[in-house]
Undergrad: 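Could you have a look at this structure, given as structure tokens, before my questions?
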Amino acid sequence: MSIDLSQFFEVFFEESFEGLDAMEVELLNLVPGEEDLETINTIFRAAHSIKGGSGTFGFNSVSDFTHVLETLLDQIREGKRELSAEHVNLLLKSVDCLRELLRSLQAEQEPNLAEAIDLRIKFEQILGVNQADNHTAEVDANPVQLALNTYQIDFKPHRHLFKTGNEPLYMISELAELGDLETQAFSNEIPEIADLSVEDCFLSWRFFLNTAKAESAIREIFEWVEDDADITIALCGGLFAEDDTQITALDTTEINLNSTPAAVNVAAVKPIKKSTAIKASTPVAESTSIRVGIDKVDSLINMVGELVITQAMLSQIGQQEITEATIASLQEGLAQLAHNTRDLQENVMRIRMLPISFVFSRFPRLVRDISQKLNKQVELKLLGEQTELDKTVMEKISDPMVHLVRNSLDHGLETVAQRLAAGKDPVGKVTLNAFHQGGNIVIEIMDDGQGLNTAKIKQKAVANGLVSEADELGDDEINELIFMPGFSTVDEVSDISGRGVGMDVVRRNIQSLNGSVEVSSAAGVGSTFTIRLPLTLAILDGQLVRVAKHTYIIPLISIVESLQIDISKVSRVGKDLDVLRLRDEYIPILRLYSIFNHPGAIETLDKTLLVVVESDNQKIGLLVDDLLSQQQVVIKSLEANYQKVDGVSGATILGDGRVSLIVDISGLIKLSGLRKPGSQELIIESQANLEAS
């Protein structure tokens with residue numbers, strides 16, 4: 001009888017990834033010669049848990065590899081070996097390797113063991129040197145001459161062993177890795193079929209293990225079940241003991257990552273299958289679960305309780321005769337229902353909110369590795385780590401942030417010699433800061449490096465035909481050019497980053513989250529990239545507007561102001577573009593009825609309203625017939641339910657059941673052609689003519 005352990009796989013993978021994250025954080029805190037014993041113990045415990053769990057579930061490639069790094073950690077924590085920078089680097093690489101092995105297993109793919117084997121060899125070389133140094137007597141290097149001992153191991157599980165998720169077959173497999181193994185199974189306690197329970201363990205085993213390993217290595221295999229079984233280990237000589245029990249030898253099994261595979265002779269048990277059934281049907285691209293604080297759950301339960309009370313009140317009113325008094329009570333109850341619904345909505349949204357430290361936690365390792373590769377001294381400062389952000393937004397913002405941090409390290413910060421020559425601290429600083437601002441979260445990536453080379457950026461832009469030599473652009477406008485597709489000022493391709501290479505992808509990914517990214521820079525002082533994102537992708541505050549007979553929603557966060565048009569301040573640019581002069585700014589006017597082809601709309605400018613919106617530092621005016629109410633709306637994907645529509649980011653269902661489209665400001669600008677080459681020059685030229693007149 002065997003319990004289906006695959007039901008526990010997802011929990012194991014989540015806990016293992018958390019353990020690896022903890023190992024990485026603590027390893028980055030280690031300073032050779034100044035290491036803290038508790039930090040070493042924390043790393044050891046995480047590795048030990050991963051090893052034990054992977055062994056239990058039959059993931060031998062993980063457990064075998066983890067065993068060697070665990071051995072090194074054990075020697076360090078017991079004071080048998082001093083920690084070195086080489087050890088820290090090797091352990092960090094091992095964390096990466098384990099993470100990839102686990103991801104492959106989670107996706108039901110065959111793991112690539114090449115790196116694991118290479119790292120294991122390095123570990124064994126370190127451990128081998130240590131063993132040689134500690135030997136006081138000469139030892140023959142021939143492993144055949146090593147002293148072998150035979151241990152008798154009696155293993156009698158308690159009846160409830162299977163209910164704890166433990167499987168004896170995996171323990172037998174681990175024993176077989178230690179040497180030559182013979183196994184006897186005792187079935188004398190198996191009851192009659194009528195009394196047999198598939199959830200109880202009635203078998204017990206006796207093992208004879210011929211090995212050069214110490215007894216502690218055997219006890220380590222059973223430490224997960226020592227409270228759930230009777231275990232006896234005794235040294236019984238240098239040869240296998242004879243026994244009257246008939247033993248049937250099975251096929252030899254090769255253990256992954258074992259440089260000297262031992263023959264495994266297992267009797268009276270079935271061999272472990274090569275592949276354990278993993279129920280993940282597709283590769284896991286992102287986390288499918290979320291941990292929620294108990295305070296959020298309690299608050300949600302309270303809100304549901306309030307909602308139930310309100311529902312009971314409304315139900316009671318519904319059973320009464322309709323009078324003026326009951327109508328007043330009904331209105332009061334509906335108001336209470338609206339209040340409870342809003343509170344419930346906010347509490348449900350809070351469940352999806354996680355501290356941005358989940359994203360920030362990956363950067364200490366990134367900064368350490370890249371700074372070592374570039375031979376730069378870098379200090380990373382993290383601010384606002386507890387600022388909360390929607391889980392979906394957080395998962396998608398990670399890659400753009402990695403690209404920006406790589407750019408800061410590679411091309412923003414100078415080398416030690418360059419910083420000293422400029423009179424700067426030799427240690428460069430990169431700061432990640434997150435904070436809430438209105439309905440947005442703002443993330444800043446700052447460095448105190450050399451800043452962007454505006455002269456070189458403009459020179460490259462002119463060479464690429466993006467701007468002309470005669471264009472008078474401010475520094476901020478020049479810096480914005482790095483977000484143009486394919487733009488780069490780098491003379492040589494770097495395997496780390498290239499300032500500007502892929503920056504258009506960064507902006508596009510951020511815009512897909514209804515966010516924006518800006519850059520500011522000062523020569524010799526540094527650069528700051530500012531990312532603004534909505535707190536959640538599920539709900540937004542919107543302004544409802546009417547265009548002809550249709551209702552559209554404009555994200556409230558994009559609206560600068562709304563006003564009636566003074567026709568005397570409107571000028572025509574080109575053939576069909578009107579521009580409004582507003583406080584020394586020239587705002588292009590986009591007619592929504594024309595873009596979305598709605599006949600019957602008001603076309604006279606002085607009889608309509610203009611909603612001024614901003615996207616990517618560019619303001620435009622949207623011509624609408626009327627402003628309606630403001631309300632929170634639940635965003636539904638138009639692309640998933642219909643198809644992608646240019647200028648529309650999604651849809652929602654209004655209170656009367658109608659579907660309303662949500663305007664995509666950035667998409668409208670692109671759709672209207674205001675970002676086409678020459679469009680901005682035309683507006684600038686028109687501004688100059690108007691000012692001259």
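Just so it is clear, the model here is predicted, and its values are computed rather than measured.
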Undergrad: What's the separation between atom CG in Leu90 and atom CG in Leu69, rounded to the nearest 0.5 Å?
TA: 8.5 Å
Undergrad: Donor-acceptor pair, distance only, cut-off 3.5 Å: does the side chain of Asp200 make one with the backbone of Leu196?
TA: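 No; zero donor-acceptor contacts below 3.5 Å.
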Undergrad: Would Asp96 and Arg99 pass as an ion pair if we require N to O under 4.0 Å?
TA: yes
Undergrad: Under 3.5 Å, is there a donor-acceptor pair between the side chain of Arg81 and the main chain of Ile126?
TA: yes
Undergrad: Between Phe13 and Phe59, what is the ring plane arrangement, given parallel below 30°, perpendicular above 60°, and tilted in between?
TA: parallel
Undergrad: Any donor-acceptor pair under 3.5 Å linking the side chain of Glu78 with the backbone of Lys80?
TA: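 Side chain of Glu78 to backbone of Lys80: no pair is present.
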Undergrad: Could you tell me whether Glu38 and Arg45 make a salt bridge, using a distance below 4.0 angstrom between a side-chain N and a carboxylate O?
TA: yes
Undergrad: Donor-acceptor pair, Ser361 side chain versus Phe358 backbone, under 3.5 Å?
TA: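 Yes, Ser361 side chain to Phe358 backbone: donor-acceptor pair under 3.5 Å.
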Undergrad: Of the non-hydrogen atoms in Glu215 and Tyr151, which two are nearest, and what is the gap between them?
TA: N-OH, 3.7 Å
Undergrad: For Gln372, look at atom CD and say whether over 12 heavy atoms of other residues, nucleotides or ligands are found less than 6.0 Å away.
TA: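 Atom CD in Gln372 is packed in, count exceeds 12.
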Undergrad: Minimum heavy-atom separation for Ala434 and Ile356, please, with both atom names.
TA: CB-CG2, 3.9 Å
Undergrad: Using a 3.5 Å distance criterion without hydrogens, assess whether the side chain of Arg206 forms a donor-acceptor pair with backbone atoms of Phe186.
TA: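 A pair under 3.5 Å: no.
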Undergrad: Drop me the distance from Phe360's CZ to Asn433's CG, to the nearest 0.5 angstrom.
TA: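 The distance works out to 7.0 Å.
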Undergrad: Closer than 3.5 angstrom, by distance alone: can the side chain of Ser398 be matched with the main-chain N or O of Met394 as a donor-acceptor pair?
TA: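 Flag not set: sc Ser398 to bb Met394 has no pair under 3.5 Å.
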Undergrad: Is it true that a side-chain atom of Ser84 and a backbone atom of His87 form a donor plus acceptor pair closer than 3.5 Å?
TA: yes
Undergrad: Just by distance, with hydrogens left out, do His48 and Glu223 show a side-chain donor and acceptor under 3.5 Å apart?
TA: yes
Undergrad: Could you tell me whether Arg365 and Asp369 have a side-chain N and a carboxylate O separated by less than 4.0 Å?
TA: yes
Undergrad: Can you name the closest pair of heavy atoms from Val88 and Leu27 and give their distance?
TA: CG1-O, 3.8 Å
Undergrad: When you measure from the side chain of His403 to the backbone N and O of Pro400, does any donor-acceptor pair fall under 3.5 Å?
TA: no
Undergrad: Counting only heavy atoms not in Lys93, do more than 12 fall under 6.0 Å of its NZ?
TA: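 No, the 6.0 Å shell around NZ holds no more than 12 heavy atoms from other groups.
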Undergrad: Is there side-chain contact between Leu30 and Leu91, with heavy atoms separated by less than 4.5 Å?
TA: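 Result no, sub-4.5 Å side-chain heavy-atom pair not found.
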Undergrad: Take a 6.0 Å sphere around CG of Asp295 and say whether it holds more than 12 heavy atoms from other residues, nucleotides or ligands.
TA: yes
Undergrad: Test your reading of the model: is there a side-chain donor-acceptor pair from Ser371 to the backbone of Val378, 3.5 Å cut-off?
TA: no
